[in-house]
Amino acid sequence: LLSAFAKTFYVRHPYCVLRYLSHVMEPECFTPTADCFQVLLSKLTPVVAMNRKKQLNDLELRMLMSLRRQLLDVLQYTFQHYKALNETEPSGMFHTTVRTIGSRSLPAP
């Protein structure tokens with residue numbers, strides 16, 4: 001779907017992927033579940049490979065760095081509260097109260 005969007009609207013595929021992932025990482029969308037991390041991994045891996053080959057433009061590189069900061073915050077929060085993780089809960093955590101981590105609102109343990 002992202003490839004079709006990029007082709008239809010004449011935008012670079014990495015830009016589409018990074019834009020999509022920036023929305024996935026929004027606090028109201030992201031949950032610390034295996035599914036969400038799998039989406040991030042599958043979509044981000046080719047973009048990171050393009051970055052290693054110096055194939056990203058300046059805007060895409062800034063988007064990637066912003067996404068990296070967000071991801072590090074989420075990973076830090078997830079590892080700090082690993083005992084509260086629950087794949088069966090919609091929030092990915094046992095409790096559904098919201099707690100702010102950096103500039104992100106995530107479910108609190």
Side-chain angles (χ1 to χ4, degrees):
L1 188 58
L2 291 175
S3 297
F5 182 87
K7 189 174 183 178
T8 301
F9 293 102
Y10 303 104
V11 294
R12 288 173 40 94
H13 188 263
Y15 176 81
C16 270
V17 170
L18 290 166
R19 250 348 237 163
Y20 168 71
L21 291 177
S22 72
H23 290 290
V24 168
M25 291 296 292
E26 290 294 322
E28 57 272 1
C29 295
F30 184 82
T31 58
T33 59
D35 288 341
C36 210
F37 282 116
Q38 186 59 41
V39 167
L40 286 169
L41 179 65
S42 67
K43 297 295 181 192
L44 204 51
T45 302
V47 176
V48 170
M50 289 182 76
N51 182 44
R52 286 189 188 129
K53 296 177 185 176
K54 308 289 186 208
Q55 295 176 337
L56 298 180
N57 63 32
D58 289 341
L59 175 61
E60 294 162 349
L61 188 57
R62 283 193 304 272
M63 291 171 71
L64 180 61
M65 292 302 110
S66 174
L67 192 61
R68 182 179 182 269
R69 281 189 297 276
Q70 289 177 320
L71 185 57
L72 288 174
D73 287 345
V74 167
L75 285 172
Q76 177 184 5
Y77 179 83
T78 302
F79 282 115
Q80 286 174 347
H81 301 97
Y82 72 93
K83 289 184 179 182
L85 294 176
N86 184 353
E87 288 287 324
T88 61
E89 292 289 326
S91 68
M93 305 289 271
F94 278 118
H95 303 287
T96 58
T97 57
V98 175
R99 180 176 176 174
T100 303
I101 301 297
S103 62
R104 313 221 358 110
S105 295
L106 295 172

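In this text, all values refer to a predicted model and were calculated from it rather than measured experimentally. What's counted below: heavy atoms across the whole structure, side chains too, no hydrogens, waters or symmetry copies.
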Show me the donor-acceptor pairs within less than 3.5 Å that the side chains of residues 43-58 make with the rest of the protein, sequence neighbours left out.
unit_1, atom_1, unit_2, atom_2, d
Thr45, OG1, Leu41, O, 2.6
Asn57, OD1, Leu59, N, 3.2
Asn57, OD1, Glu60, N, 2.9

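Put simply, CG on Leu21 and SG on Cys29 are 11.5 Å apart, with the number rounded to the nearest 0.5 Å. Rounding to the nearest 0.5 Å gives a distance of 12.0 Å between CE of Met25 and CG of Leu18. With rounding to the nearest 0.5 Å, the separation of CG in Asp35 from CG in Leu40 is 11.0 Å.
Although no hydrogens or angles enter the test, the distance criterion places no donor-acceptor pair under 3.5 Å between the side chain of Ser66 and the main chain of Met63.
Contacts classified as ring-ring contact (aromatic ring centres under 6.0 Å, His included) and involving residues 1-24 (residues at least two apart or in different chains) are given here: Phe5-Phe9. Applying the ring-ring contact (aromatic ring centres under 6.0 Å, His included) rule to pairs touching residues 39-74 yields nothing, sequence neighbours excluded. The ring-ring contact (aromatic ring centres under 6.0 Å, His included) contacts involving residues 37-58 comprise Phe30-Phe37, where partners must be two or more places apart or lie in separate chains.
Val11 and Leu64 fall within a single hydrophobic cluster, where Ile, Leu, Val, Met, Phe, Trp and Tyr side chains are chained together by heavy-atom contacts under 4.5 Å.
For the pair Met65 and Leu61, the minimum side-chain heavy-atom distance is below 4.5 Å. Contact of the Leu75 side chain with the Leu71 side chain is registered, since non-hydrogen atoms from C-beta on lie closer than 4.5 Å.
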